[in-house]
Amino acid sequence: MTPSPRIRPPYDADERTQLVGWLDMQRAIIRWKCEGVSEEDAHRSVLPTSPHMTIAGIVSHMRWVEHCWFEVLLLGRKAEGPQFDDGPEDADMMVDDIPLAQFLAEYERSCEVSNEIIASLSLDTVGKHPDFGAAAASLRWMLLHMIEETARHAGHMDTVRELVDGEKGYY
């Protein structure tokens, strides 16, 4: 795996560059936290009250979050994926028998699709999905939310990774 660059956007960048730059940096931290982890450790539960919050589970969740906000809510595409099924609440994190590499590839592709969507629309564009109130948010709001969501889970990855194999570090 190629090391994930963790680069902050330039101080004087325009708004879009800053928003996408901060999101891309947090995405890179998610990938970085997976570097060198064993398959067994990627699926190991270390938080008793959150048994599905594994390294693989978080990457899977982030893949589906990208899809949900940019493809479903923003563009109005079909609401599909584990978070839209009638299954358990954390279905997108229940990933016991699926290799981490598969989730990382799916996450990478989701991020690429998200960035293509982001590049094609004004920051003032409002979501289009008729069935979800959150679609009323602008692309700008969604980007800020995704920075928060991704950074929150990158922090979870810090903790889970340290508990799994002792690796630590930020940025």
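FYI, the numbering just counts along the sequence from 1.
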Applying side chain to side chain donor-acceptor pair (under 3.5 Å), can you list everything that pairs with [X], at least two apart in sequence or on another chain?
X: T17; answer: D14
X: R63; answer: none
X: E112; answer: R109
X: H129; answer: none

*side-chain contact (heavy atoms from CB on, under 4.5 Å) partners for A105, two or more places apart*: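 Applying side-chain contact (heavy atoms from CB on, under 4.5 Å) to A105 gives none.
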
_According to side-chain contact (heavy atoms from CB on, under 4.5 Å), who are the partners of V126, at least two apart in sequence or on a separate chain?_
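V126 satisfies side-chain contact (heavy atoms from CB on, under 4.5 Å) with no other residue.
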
*Using ring pair (Phe, Tyr, Trp, His ring centres under 6.0 Å) as the criterion, list what pairs up with H52, not counting sequence neighbours.*
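So H52 forms no ring pair (Phe, Tyr, Trp, His ring centres under 6.0 Å) with any residue.
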
_Give me each pair satisfying salt bridge (Lys or Arg N to Asp or Glu O under 4.0 Å) with a member in residues 118-140, each pair once, sequence neighbours excluded._
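Passing the test, one end in residues 118-140: E15-R140, D124-R140.
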
_Pairs meeting criterion ring pair (Phe, Tyr, Trp, His ring centres under 6.0 Å) with involvement of residues 69-101, two or more places apart_ =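 Ring pair (Phe, Tyr, Trp, His ring centres under 6.0 Å) check on residues 69-101 returns W69-W141, W69-H145, F84-F132.
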
Can you give each donor-acceptor pair under 3.5 Å made by side-chain atoms of residues 87-101, sequence neighbours left out, with the distance rounded to 0.1 Å?
from, atom 1, to, atom 2, distance (Å)
D92, OD2, H61, ND1, 2.6

For residues 72-82, which side-chain donor-acceptor pairs fall under 3.5 Å, sequence neighbours excluded?
from, atom 1, to, atom 2, distance (Å)
R77, NH1, E71, OE1, 3.0

For residues 113-120, please give each side-chain donor-acceptor pair under 3.5 Å, one per line with the distance, not counting sequence neighbours.
from, atom 1, to, atom 2, distance (Å)
S114, OG, E66, OE1, 2.7
S114, OG, S110, O, 2.9
N115, OD1, R27, NH1, 2.9
N115, ND2, D24, OD1, 3.3
S120, OG, I117, O, 2.8

*Examine distances only and state if a side-chain atom of Q26 and a backbone atom of I147 form a donor-acceptor pair shorter than 3.5 Å.*
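Checked: no pair found.
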
